[in-house]
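Please read these numbers as outputs of a predicted model, since none were measured by experiment. First the proteins, then the strands, lettered A, B, ... as listed; each starts at 1.
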2 protein chains.
Amino acid sequence: MSDGAQFRQVSPPVRLYQRIVEQIEEAIARGDLKPGQRLPSERELVAQFGASRPTVREALRVLESNGLVRSRQGDPNGPEILPFSSAGLTKEMTRLVQFDNVSMAELISFRMILDGSASLLAARLRSEEELSAMERTLAVMADAIEAGYEEFSKADVAFHEVVAQASRNSLIEVCNLVVRGAVLSLISDKLAHAPNSTALMRESLHHHREVLEAIRAQDGPAAARISRRDLYDYYAGYVPENEQGPLLALVDDEET
Amino acid sequence: MSDGAQFRQVSPPVRLYQRIVEQIEEAIARGDLKPGQRLPSERELVAQFGASRPTVREALRVLESNGLVRSRQGDPNGPEILPFSSAGLTKEMTRLVQFDNVSMAELISFRMILDGSASLLAARLRSEEELSAMERTLAVMADAIEAGYEEFSKADVAFHEVVAQASRNSLIEVCNLVVRGAVLSLISDKLAHAPNSTALMRESLHHHREVLEAIRAQDGPAAARISRRDLYDYYAGYVPENEQGPLLALVDDEET
DNA sequence: CGCTTGCAACTGGCCTGACCAGTAAGCTCA
DNA sequence: TGAGCTTACTGGTCAGGCCAGTTGCAAGCG
């Protein structure tokens with residue numbers, strides 16, 4: 001091989017539809033296009049981009065599948081710019097779980113990490129309103145124990161949601177949302193039909209109260225520890241014995 | 001309003017291209033289509049799905065943008081099924097950072113959480129080979145200090161990669177990858193031109209060694225603590241003073 | 001005068017058919 | 001046997017068209 005000239009990797013030609021996607025994505029990222037605003041009609045876009053309608057449509061379908069815009073047949077205002085949503089992230093995360101055979105143990109480990117960290121941060125950053133919001137969700141949980149698993153689960157989710165918000169970290173919030181959804185979609189029916197579900201719910205409520213008290217006391221490490229332990233108690237039964245190592249590591253090791 | 005009959009919400013009709021996407025996605029999820037295999041040609045798919053070519057193409061463009069398949073013009077074998085990649089997740093996560101204005105502080109907090117947890121788990125689960133792989137990357141880092149920031153950063157990334165793998169949790173691995181990429185893409189040039197970059201690199205290397213020793217000693221909490229502190233020292237300078245609270249919470253609170 | 005109704009002018013969803021450029025396998029010919 | 005060309009495909013893109021759905025407005029109704 002001769003030295004001297006350095007060659008760059010050649011890249012395949014960029015498809016036309018891709019450039020259209022890029023332009024619109026950039027416009028949204030720049031803020032030129034805000035949620036709720038409308039894109040010109042397809043035929044108008046054809047004129048502006050100088051491409052054919054199928055090409056423009058390919059671009060719109062990609063944007064649509066990414067959750068950036070939505071087209072409705074007959075709408076004279078044109079495609080709508082959608083507000084940001086974590087739907088795409090959720091889809092990708094779910095894909096990861098399906099194709100990359102992520103195990104239940106990994107999923108729950110991750111949830112313990114996220115939820116523990118959310119509690120830790122919430123303990124330091126929570127406002128008074130957030131504290132009372134947490135209290136309200138606990139009250140709803142208490143009432144829901146008799147209403148059945150469905151209701152209880154909804155209130156449970158709401159509590160964790162408030163905690164995640166109080167952590168002031170939207171990455172934690174979104175990832176937690178996604179992982180929680182993935183876990184529930186895998187075993188919610190098992191939980192619903194657990195023989196001793198009332199006892200489980202009661203215990204879970206108790207744990208949640210402890211977490212809340214730790215957050216109120218601004219004791220982050222305790223809040224984190226209790227959160228993780230709660231999740232462990234609640235879910236460990238659904239993880240094979242030989243995969244429980246990581247879960248135990250998360251419960252034990254942070255204790256002092 | 002009369003009571004009696006209850007009506008369900010009507011859902012918008014599912015677009016044709018969407019159903020094609022679903023079918024192909026399912027086939028991949030089921031394992032009927034494995035990476036490396038080929039899809040029939042567009043014209044063949046047109047026949048099989050009974051849809052027109054533009055419609056089939058819309059579906060293929062969506063799959064392509066999601067990283068599931070790749071089409072190459074002229075390839076007589078048809079579109080290729082791609083192996084799973086976290087590219088889609090990365091894209092979504094990047095979108096989250098861009099559109100949902102995630103701050104540098106949030107990004108680094110999240111990185112501290114992920115990396116700390118990875119170290120914690122790695123301390124318990126690491127194999128001997130992984131330990132020596134970590135050692136090798138540290139050796140490369142040491143050599144790279146003089147070669148400049150570029151090389152050093154690459155070795156640095158490799159170390160964290162090995163640790164993440166040793167945590168045996170692909171969710172941590174992927175999220176860490178993504179967040180690391182996002183952070184670096186935001187400030188890698190600043191790091192590269194830091195006035196005292198050599199000193200910084202030397203200190204970072206020292207911290208990494210400490211992490212490795214904690215992992216070797218199977219002391220998870222220590223490994224996690226040191227990981228977080230290392231990241232804090234390395235990146236805190238790029239976070240505004242008034243946003244450092246969460247970072248400090250992650251560094252301090254877990255110490256005992 | 002206010003409300004409903006029906007219509008018309010758009011919209012996007014989908015299709016047909018066509019042309020061009022790129023690829024690779026097979027064939028030809030030295 | 002091997003190098004080069006040909007050919008039969010591939011995907012990329014376009015033009016034009018039909019249908020169904022949405023909306024706004026104007027005409028018609030009470």
Side-chain angles (χ1 to χ4, degrees), chain A residues 9-25 27-28 33 35-82, chain B residues 1-2 7-25 27-28 33 35-82:
Chain A
Q9 185 113 19
V10 294
S11 52
V14 182
R15 316 260 197 332
L16 223 43
Y17 89 90
Q18 262 293 358
R19 298 203 223 197
I20 298 180
V21 168
E22 282 168 19
Q23 282 197 47
I24 297 180
E25 273 183 344
I28 296 178
L33 291 171
Q37 284 188 6
R38 302 309 187 100
L39 240 38
S41 74
E42 288 184 2
R43 290 167 175 87
E44 175 64 25
L45 289 173
V46 164
Q48 288 191 25
F49 285 115
S52 70
R53 193 140 98 93
T55 302
V56 168
R57 281 177 61 79
E58 286 177 18
L60 287 175
R61 290 300 80 79
V62 168
L63 292 168
E64 189 170 74
S65 98
N66 286 0
L68 290 173
V69 306
R70 177 182 51 190
S71 296
R72 274 174 50 236
Q73 182 174 359
D75 189 338
N77 299 315
E80 181 182 359
I81 310 285
L82 294 178
Chain B
M1 181 184 336
S2 82
F7 298 108
R8 301 181 305 279
Q9 184 113 18
V10 293
S11 55
V14 183
R15 312 246 179 23
L16 223 43
Y17 88 91
Q18 263 294 355
R19 299 203 224 197
I20 298 179
V21 168
E22 282 168 19
Q23 282 197 46
I24 298 179
E25 273 183 345
I28 296 178
L33 292 171
Q37 284 188 7
R38 302 309 187 100
L39 242 36
S41 74
E42 289 184 1
R43 289 166 175 87
E44 175 64 24
L45 289 173
V46 164
Q48 289 193 25
F49 285 114
S52 70
R53 194 143 95 93
T55 302
V56 168
R57 281 177 60 78
E58 286 177 18
L60 287 175
R61 291 297 81 78
V62 168
L63 291 168
E64 190 170 72
S65 98
N66 286 1
L68 291 174
V69 306
R70 178 182 49 188
S71 297
R72 271 175 52 234
Q73 183 173 357
D75 188 338
N77 299 315
E80 182 182 358
I81 310 286
L82 294 179

Next on the checklist: So which atom in A:E42 and which in A:V56 form the shortest heavy-atom distance, rounded to 0.1 Å?
Outcome noted: O-CG1, 4.3 Å
Checklist entry - For nucleotides 8-16 of chain D, read 5' to 3', which letter fits each nucleotide if B means a protein heavy atom sits under 4.0 Å from the base, S means only the sugar-phosphate is that close, and - means neither? => result --BBBBB--
Checklist entry - Which atoms form the tightest heavy-atom contact between A:I20 and A:A59, and what is the distance? => result CG2-CB, 3.6 Å
Checklist entry - CD1 of A:I81 to CD1 of A:I28: how many Å apart, nearest 0.5 Å? => result 4.0 Å
Checklist entry - With a 4.5 Å heavy-atom cut-off, do A:V69 and A:L33 have their side chains touching? => result no
Checklist entry - Side chains of A:S65 and B:N66: closer than 4.5 Å at any heavy-atom pair? => result yes
Checklist entry - Minimum heavy-atom separation for A:A51 to A:V46, with atom names? => result O-CG1, 2.9 Å
Item to check | Reported CG-to-OG distance for the pair A:L16 and A:S52, which is rounded to 0.5 angstrom | outcome: 8.0 Å
Checklist entry - Taking 4.0 angstrom as the limit, do B:R61 and B:E64 come out as a salt bridge? => result yes
Item to check | pair B:R57-A:P54: side-chain heavy atoms closer than 4.5 Å | outcome: no
Checklist entry - For the helix from C:dC1-D:dG30 to C:dA30-D:dT1, how many degrees between its two end axes (five pairs per end), to the nearest 10°? => result 10°
Item to check | Nucleotide interval of DNA chain C bounded by contacts with chain B (heavy-atom cut-off, under 4.0 Å) | outcome: C:dG13 to C:dA24
Item to check | B:P40 versus B:Q48, closest heavy-atom pair with distance | outcome: CG-NE2, 3.8 Å
